[in-house]
Every structure is written in structure tokens, then in C-alpha cells.
Visitor: 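If you scroll down you'll find the structure; I have some questions about it.
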Amino acid sequence: MDSSELLEALKKEFADGIVETHEFRSEATAVVKKEKLMGVLAFLKDDPKMAFSLMADITCVDRLKMNKTPRFEVVYNLYSISETHRIRIKVRLDESEPTVSTATGLWEGANWLEREVWDMFGIKFEGHPNLKRLLMYEEFEGHALRKDYPHDKRQPLIGPKN
Amino acid sequence: MKELKQINTKDKLSQNHMMLNMGPAHPSMHGVIKLVLELDGETVINCDAEIGYLHRAFEKESERGTWTQVFPYTDRLNYVSPLINNVGYALAVEKLFDVEVTERCKYIRVLASEISRVCDHLTCVGASAMELGAFTAFLYMLQAREYFYELTEDLSGGRITPNYVRIGGLAHDLPENFKEKALDNIDKVAELISDVDKLLTKNRIFFDRMRGTGYIPKDMAVNMGFTGPCLRAAGVSYDVRKDQPYLIYDKLDFEIPIGVNSDNYDRYLVRMEEIEQSLNIIEQVLEKMPDGPINIDDPKICFPPKSQVYGSIEGLMHQFKLVYEGHHPPEGEVYHAVEGGNGELGFYIVSDGTGSPYRVRVRPPCFFMMQAIPRMLQGEMIADIVPTFGSINMIAGELDR
Amino acid sequence: MTVKFTIDGRTVEVPEGLNIILAAKRAGIDIPHFCYHPYLSVAGNCRMCIVEIEKMPKPCIACGHIVQDGMVVHTNTDMVKKIRKGIMEFLLINHPLDCPICDQAGECKLQEYYMLYDCEESRFNEQKETKEKVIDLGSMIMLDRERCIACTRCVRFFEEFVGDAQLTLRHRSDHAEITTFNGKPLDSIYSSNIADTCPVGALTSKDFRFKCRVWFLKSDDSVCPGCARGCNIKIQHNDGVIYRIMPRMTPDINKFWMCDVGRLTYKRYQGNERLTKPLVLRGQRLEVTILEEAIEELLESLRKLAKDGSANVAGVASAELTSEDASAFKSFMGRVGADKVFLDQGKDTPGFEDDILIRADRNPNTAGLKKLGIEQPVDELDALISSGKVNVLFIAAGYRGKIEDIIKRHKDKLKLVTTFAYNESDLLEGSDVILPTLAWPELKGTFTNFERVTQEISPALAPKGDALSIKDIVSQLEAQMERKAIAVA
């Protein structure tokens, strides 16, 4: 299916769950409501016409410097090995409550991806089996990829803090 | 097909487990991975992998500079196949700009990618053979890699950090006599590969240690996010070059090897065959390469030639503006995947229309295989850790970014 | 009165009397220009702002035409584009290949417009015209004649704003060059403005030359602390170091300009003499300590004096303080029993004054402090101290305060001197407790200028060392007094 067909099919299935959709450079993107996210992902994975078997990537964008609200956007890039099509699902999260349910129940590969998003952006994944930092150490303060975290801030584990 | 090994934790003997840290100082852990093992005798009951020892904030640093300044950082992602990273990032940014590079540029990029892929597989196979004691094979493989590093050096001037690709083109064209030298080196490499094949493929020790170890079921491999040689060894024919062809891969004649048993030995076989296929691709590319410009004709995207930069104020100002202010792609976001040495290497890029990227996210292919290491090791012996870890080809630069 | 005109197919309503450049700006369209400046007269010699106006026989310059009702302007036609390209090509014919050594690179209009409107390769193969470089024009300005595009902005600036035509253009065509009479150095405290207004790198500021590439600079809006005018400025800094101060356009106060005195004020805030740690006099020596301890010792000595009943407290506030700091300081002085807070305008006041910008009062917030009731001049303190009516002093110090001399004269008559200061000065010698404060580039607050206009300043730099704003120190002091229930006086 090409990107517009994908979005059509998705909109048909979840009429009230989709906040907005857009196509850019023939890539399909759908922003879904937080509470409908798991339903959408499960549909995309299990529906035989969709068959998004591969969770290619989970990441997050901090839109603070774009002056957009809600601040966070968790991005799921999916790929279907059998149908060779891609789709991007996004869910927007407010700064006051950056939580979303985990996708580990659908794709085991989401485990570390979600841990990294927690580590770098401070997004909590509810129901995640082991949500602890992945790349940074446990004592690290803050979330490094947030736009308000200064790139030159130092947090040495040993020795005086700045 | 065999099942994942089940562990009987009710057994009395297994009540008394030993915790053992393997790495980060263990030589086969490359100095950057810590495996926390729970052992019952020599059997691995449980395993936890700790990563992040080589985290250099690639994504954070990318947000600081201009779009072009990200290229040197991409060299340092998968540092065994840096040219593929260069190409992947450039294609993602070009997708954002909605431009297509010239025909000759496409051929050279494919050439560069395949040279890097061969280096990647050679290193992986050679190093994991060495870790099993096959030192001769390792030296042969490194000799072969050296021939390809020579080509990388001729192409870009650098061996490991080439920084060769630019947005909308390349840093420079192929050097003189490149074709002859490349064909010559390919012959030498092919000979070395066939020697290694004789040394390893039917070697009793090598076979016994690789066959049946590090097994992961096909469904679980997909579910875990496997791509590349490891997924193909599990019997899934997914290769970005075939399934979502980019550059000129749809015009080339090559095949995707797939495995049956999804174990370390099949991963080895898949990689060996992919080296052959890549050598074949390089020969085809060299044969078919057209003449023409390597950069697109758009002054807002491509740097001016050096003769103009040093010879005219127009060229100088052009260079200056592109260097300190950078490119200005339209607002938007793209995800572009290429087939890296380890699998699908994807760049997810967000632009807010300014001279520096708003967000650069790289999908590191070996991240997913590394994540599955505990799955693959459960129930195996300690001695199986080394070949399994070797066969997933963990590259810390890419894993930790 | 407004007029309606059409620009690139859009009809816009703008006030009467604007030229096309300004009117287009209101419609969100930028028309490129070199010689035009909104606060200088129209010269019309660069020709870069050319547009097409319907019913006009030829393309016209946008700076020289006032928008009329019903006018139809096109800024994007093929002819306009071609003319802009042609003009850029002409301007670059003799331009030297200086970008790598030119301070203007990064904010140069030639670079900007080349990328936007030209983007062509050079067709010029002949020898470039060479001219003199590195010409010293007085204490603030360097001239490079090769880079000059002869827009005459600097000439008009001196004629019209300073009222003293010190610069002129001599010779013709590609020999035209900017010069002073007989090569005499410029003599004006407004000369640095020509470095800002120069659209290319011909005139550069000596103070900023080769210090920092402009694309590394971060910019924060603030108000100049140099005098009572309160010029609106931008603080441009990188990695905690201020590199230059630039005027910010404010039609009512400083228009587009500022004086050289104000431009150099930033230097007093980033020398080695900045105080970063609290100091306490123990025996004969000042010792470094932490704020909590310094406060403790200060309150202890204050209590002892209060017990004797011999404490006569007074406060001195510099007119450099923000209104917020001054108000906090004054209320604290009330708590420790000082009925008066004296105003210190510093040794540099009165300085020279002219009717352009600079004021004799070299403090940014004299009016603000006076509004708070801090107006008694510090000179009166002299007599009070020598007669013993004041023996405990709290000083919120500024730069080169008059209080420095007073303290020096009456060192032995004072029992306790507490100084809030950001810089080392003579005050250190006479003080018992010195608490480091934030200075202007690190502060948030308001200044009120001599025309009673209150303006905000915002912090550009991070605090240095343990320094805090006077407001914060005072609130810690008060909290500690509360805890210990110290009643003074």
C-alpha cells in the first residue's frame, strides 16, 4: 500500500483516534490519541493487510524550541517486511504528564528503545518490565536530549560537580 | 526447528547460582559491554547486558552544528563501515530537500557503500574466528580488509573516518586509475576469501562451536527488531537494497543469501556469501559507471569547487555562507533507511527550517541484536557467549552512539 | 492617515509617508538595500532596492519613493531579479577575497544578498583594483578601503546625526574612497556607530576586531548601564564572555545609535577584579569564607554593637543598582535601624554631556532610586561620620563610588562596614564584611532613565562564583535575623 492508502485505511479503522495525518516526501505519518495508541499499534501489527511486523524505531522529539505544545512527541517508525511499506505513528505528550503505555507487549524489541527514550527524554512507559536508564548511568540527573539540557553541561560521576 | 532451551529452576542444584561479570574489560567484549551472567556451573541461566560505555552524544551534538557538520560524526557510528553511514545520512537530508543526486554520484555512492560492507563483514568474520582461536583466518581477513581500506583511502583520503559524502554529492570524484586498482584488489580479496573459506567452513572445531549456538527463532528475531545478516540467517529475506531500493540497487544484479538454522554458523555463511555478492556489485558498478558531474547543480545545496573558493569573491562568499550558516532545508521530518553492514540503518531527521538539524535520530541496527543477546544465551554454555557475541557484530560506536 | 497599495499581488494598508522599503517590511516583504538606513537621509546610490512600479516607465529605487494610494509594486519580477544580480556582480568586481580575515563575515550584507539574489559564478577575469587597507581612523575605528562599496552611510551619519561632517567620499567611480580631512583621526564619541551601520567590512570596530566570529555570538537584550539615557542595547557574548555591545533600535530613546562610552562599559564587569567569594576581616586580614558564615559573623558583630547601644547605622546605595535591588536594600536598612539611605552617584558623575545622547549622570538608575526615596547625596555622610553620628555602614557599591574616598578618610571612626560589591576596589580595605553581588550582565531588573522611562534588563551571563543579587543576599540576611531574633537598635 502506498502512504495515502495506508492513512485512509487507518482513518477508517480509527475514526476518532487519529488527531491528524500528513504525508511528506511520500511518507505516511499519523498522530494518534494517547489512549488509542495501543489499539492502533496492535491493529497495524496484526491486520494482515498492514502486517507491520518490524518495530523499526521508537524515539522522541522535544518540541520546546519549536514553541509547540504539547511538548513531547513519541515517534514509532514501523515497517512491514511482507508488504514493504512504512508508516510513522506519533503520540503527543504534555510536559506535565509524559507517560504512555509500553509497546513491549507487541514487540519485544521495543524494550531497549523505550528505555533509551526514558533515559534521554524522561518519557515514562507504563507497564514496561524494566524501565531504567540505558546509555547513561543511574546517578545521572536530568534527561540529556531534552532541549533545555545544555549540551556542555558536565556531570562527572567522580569529582566535583560544576 | 529446535526450541529455545528451557531451564529448570526448580532443580536443587540450580538454587545456588553464581553471578559473574563478563566485561567491560573482557577482550571479547570489546571493552564496551558488560554482561552480567547468572550461572549454574557453566550454563547461563540468565543474562543482562549493560551498554553505554561508548556513548558520545551523537544525537545531541548533531543538533549543535550545521547539516554538513554531522557527516564526521556519522563516520564514528559504525566505524567499520563509515561510508554507508555517510550515504545514509546524505540520502535522508536529500529526501528532506527533495533533490536527487546525479547518476555518477549514485554509482560512486553504491561503490563506496559496498566497499564498506565488505570491510564490515571481513572484520566481523575475521574477529569472531580469531576469538575462537582461528588466528590465521583473522590475519587473512585483515589482509583482505587492508586492500579495501586502501580503496577507501584512495576514494576519500581517510581509512576509517572518510567523511566522503556531502549533501547533494560527494567531496570529490574518483581518483585516476581507480578502476584498475579496484579490480586488482577485488581479485586479491576474492583469493583470500576462498582461502578463509577453506580454513573455516568445514573446520571441525569452528563448525562445532558455531553450529547450533546462539539460536534465535525466526518469529522472535523479527519481533526483536532484527535486520541485516542476522535476520537473513533466520530465514527472512529482508534487505533494504532489494525491498526498498535506493540509489541504483534496482539496476544491479545481485542476490540476497538467507540462512535456515538461525544460528551462529548460518550467520557466518550469510556474511561470507554477502561478501561475494558485494564484490560482484562493485565489479558491476565499475563497469557501468557513467561520466558526468558528481554534484547537483544547485548553489544553495552544493559547495563551490575549491578553485572558485580560492579564486573569486563569489566562490569565497558562497563557501562561507554554506559553512557557517549551513543549508536551509524545508520544515519537516523524514526517515530514510539504507542497508548497513548490520542491517537497516535508518536516519530520522526533523528540520525546523534553520541551518542546523532540529533532531537527528539514528536507528542503530546492532542495537536490536545486542538486545536479544540474553535471549540467545539463555541455556547456553559460557564458551558459547564468545561466538554468539561475535556473530551479531556489535559495533559500540553505533550501539551507544 | 493611511494609504492602500498593492505589493506582489497583495493589497496592504500602511501609514502615509512611508517609503516602499518600510511599507514592504510591514507587509512582510524584505527589499534588499545597502545605502538606505531608516534613520539617515535617502542617498539612493546602491540601486539594490530597485522594484517595478506599474505606470512608471523604468524600474525605481524603493528607498526613494513614498507609497501612494493605489500604487502597484512588484518586487519579484524577472527584471528586478536580473537587476539585483547585475548590481551584486558589479559590487563584487573589486571586492577583495577577505572573508576569512574580515570581522563582518557572518553579518555582511554582501554575503547575505549574494546567497539570496545572486548565486552566480564570477565572470570577472581582470586584475582587481587594489586600495589601502588597515587605515587607523582614531581610537575606535579601522578602515579598509578595498571592502568599501561607497554607500556613504558613514558620511551621512556624521553629517546628520553627529552634526560634524568628519568623513567624505573622494574621487570617482572605482577610485572612490572614504576619507577624513587630511587623514585626521575621527574625533567623536559616536564614531563606533559607523562600524555597525557599515553594511560591509570596510569600517570595523577596533575593540571587537579579531576577537570572535560573529556566528558564535549569542545576543541578549538589555539596557546600557553607562549613563542616565538608558540606550537599548544587545549584549553579544559567548561562553560567559561579553565581546561587544550593540545598539538596539528604539525610536523614542536612542533610535539606532549609542555612544562609545557606553559601548565599553562591559569591560568593567569581566576583569580579574570580579569578586566571587565572600570575604570577612579576621584580625588584620580578609579571609575567604562562605556566605552563611559571613552572614553569621556580620550579625554577631551587629548584635554586639546593638547591645552597647552604640550602633548608628546608615546605608549607601549606588545609583547603578536596579530598582528591585535598591528597594530590597532600603527595606533591609529599615530593619537594621538606619533611617537614611544615601545615594552614591560615583566619582565619574558629573561627566561631560551633549545634546545627542550621553548624559552627565553616569548612572543608569538615578531616577529609579530617587523614586524609592533614596536621594540624599552621599557627600553629606562625610560630616555625619566625622561627628560620630554614623558608625555602622552598609554599602551597596557600584563602579568607582564616592563612598570609597569617604571610607578611606574615616577608617578608624567606623565600627562596622558591610559592603555588597561585584568588583574589587578601595572599599575592600575599609570593610569588615564583603559579600559578592551580581553585576549588570547577570542581573534581571529594571532601570528608570532620566526621562522617567522604566526599562527592563535581562541576564545575559551566568552568575560568577558564589555571587548573588543584593535582593537574594538581603533576604538571606533577613531570614537569618528572624531565626536568631536579633533586634538591632
Side-chain angles (χ1 to χ4, degrees), chain A residues 22-27 29 45 53-68 73 75 77-88 90 104 106-113 115-117 119-120 130 132-137 140 144-147 149-153, chain B residues 48-57 59-61 63-64 94-98 219-227 231 236-238 240 242-244 330-337 344 346-348 350 352-354 358-359 361-365 367-372 375 399-401:
Chain A
H22 61 260
E23 285 172 67
F24 180 69
R25 310 281 185 251
S26 62
E27 291 182 359
T29 307
K45 184 179 179 232
S53 48
L54 189 73
M55 169 55 85
D57 199 14
I58 300 175
T59 187
C60 179
V61 178
D62 177 3
R63 310 195 297 166
L64 183 71
K65 293 266 167 73
M66 283 178 167
N67 296 322
K68 286 184 184 162
E73 213 170 46
V75 184
N77 279 308
L78 304 179
Y79 178 68
S80 163
I81 291 176
S82 53
E83 305 293 318
T84 68
H85 52 211
R86 287 185 190 279
I87 196 168
R88 181 156 53 237
K90 292 194 201 176
T104 44
L106 295 167
W107 291 276
E108 222 184 318
N111 189 322
W112 275 19
L113 289 168
R115 276 177 67 186
E116 189 183 335
V117 173
D119 188 355
M120 292 296 159
N130 182 25
K132 58 178 193 182
R133 287 184 185 275
L134 183 70
L135 296 176
M136 307 307 289
Y137 43 91
F140 188 81
L145 272 177
R146 286 190 175 190
K147 286 282 177 181
Y149 188 92
H151 80 88
D152 52 356
K153 188 171 170 184
Chain B
D48 188 16
E50 265 184 39
I51 67 169
Y53 289 88
L54 203 66
H55 179 57
R56 295 144 305 166
E59 292 172 21
K60 187 84 178 172
E61 288 298 315
E63 292 167 11
R64 271 183 76 204
E94 282 154 14
K95 193 172 186 182
L96 196 58
F97 272 107
D98 205 11
D219 295 346
M220 188 183 276
V222 175
N223 200 257
M224 272 287 196
F226 273 41
T227 48
L231 182 65
V236 181
S237 164
Y238 168 49
V240 188
K242 275 276 187 227
D243 291 326
Q244 298 208 310
E331 266 180 62
E333 51 180 352
V334 292
Y335 178 86
H336 194 276
E344 178 181 323
F347 282 92
Y348 172 63
V350 183
D352 59 349
T354 59
Y358 189 80
R359 172 114 174 82
R361 155 80 184 165
V362 55
R363 178 205 193 267
F367 188 84
F368 298 85
M369 274 75 92
M370 191 60 221
Q371 179 173 200
R375 290 269 176 208
L399 179 72
D400 295 346
R401 282 150 288 143

Visitor: Between B/M224, B/R361, B/E50, which residue shows the highest count of heavy-atom pairs closer than 4.5 Å to chain A?
Guide: B/R361

Visitor: With rounding to the nearest 0.5 Å, note down the distance linking CD in B/Q371 to CZ in B/F368.
Guide: 7.0 Å

Visitor: Please report the shortest heavy-atom distance between B/A337 and B/Y335, naming the atom on each side.
Guide: CB-CE2, 4.0 Å

Visitor: Any sub-3.5 Å donor-acceptor pair from B/R401's side-chain atoms to B/L399's backbone N or O?
Guide: yes

Visitor: As an exercise: rank A/R63, A/E27, A/H22 by heavy-atom pairs under 4.5 Å with chain B and give me the winner.
Guide: A/E27

Visitor: Tell me, side chain or backbone of B/E63 under 4.5 Å from chain A's heavy atoms, or both, or neither?
Guide: side chain

Visitor: Distance from B/K60 atom NZ to A/R146 atom CZ, nearest 0.5 Å?
Guide: 10.5 Å

Visitor: Pick from B/E344, B/H55, B/R359: which one has the most heavy-atom pairs with chain A under 4.5 Å?
Guide: B/R359

Visitor: Between B/A49 and chain A, with a heavy-atom cut-off of 4.5 Å, which part of the residue counts as in contact: side chain, backbone, both or neither?
Guide: both

Visitor: Check whether B/E59 gets within reach of chain A through its side chain, its backbone, both or neither, counting any heavy atom under 4.5 Å.
Guide: both

Visitor: Using only atom types and a distance under 3.5 Å, with no angle test, would you say the side chain of B/D243 pairs donor to acceptor with the backbone of A/T84?
Guide: no

Visitor: Can you tell me how far the CG atom of A/N77 sits from the OH atom of B/Y348, to the nearest 0.5 Å?
Guide: 7.0 Å

Visitor: Is the side chain of B/Y358 donor-acceptor paired with the backbone N or O of B/E331 at a distance under 3.5 Å, no angle test?
Guide: no

Visitor: Can you say whether B/V334 sits under 4.5 Å from chain A via the side chain, the backbone, both, or neither, judging by heavy atoms?
Guide: both

Visitor: Between A/K65, A/H85, A/E116, A/M55, who has the most heavy-atom pairs with chain B when the cutoff is under 4.5 Å?
Guide: A/E116

Visitor: Please classify the contact of B/T354 with chain A as side chain, backbone, both or neither, using a heavy-atom distance under 4.5 Å.
Guide: neither

Visitor: Considering only heavy atoms and a distance below 4.5 Å, find which of B/D352, B/N223, B/D400, B/V222 pairs most often with chain A.
Guide: B/N223

Visitor: What residue, out of A/R86, A/M120, A/M136, A/R133, has the most heavy-atom pairs lying under 4.5 Å from chain B?
Guide: A/R86

Visitor: Identify which of B/V236, B/L96, B/L54 forms the greatest number of heavy-atom pairs closer than 4.5 Å to chain A.
Guide: B/L96

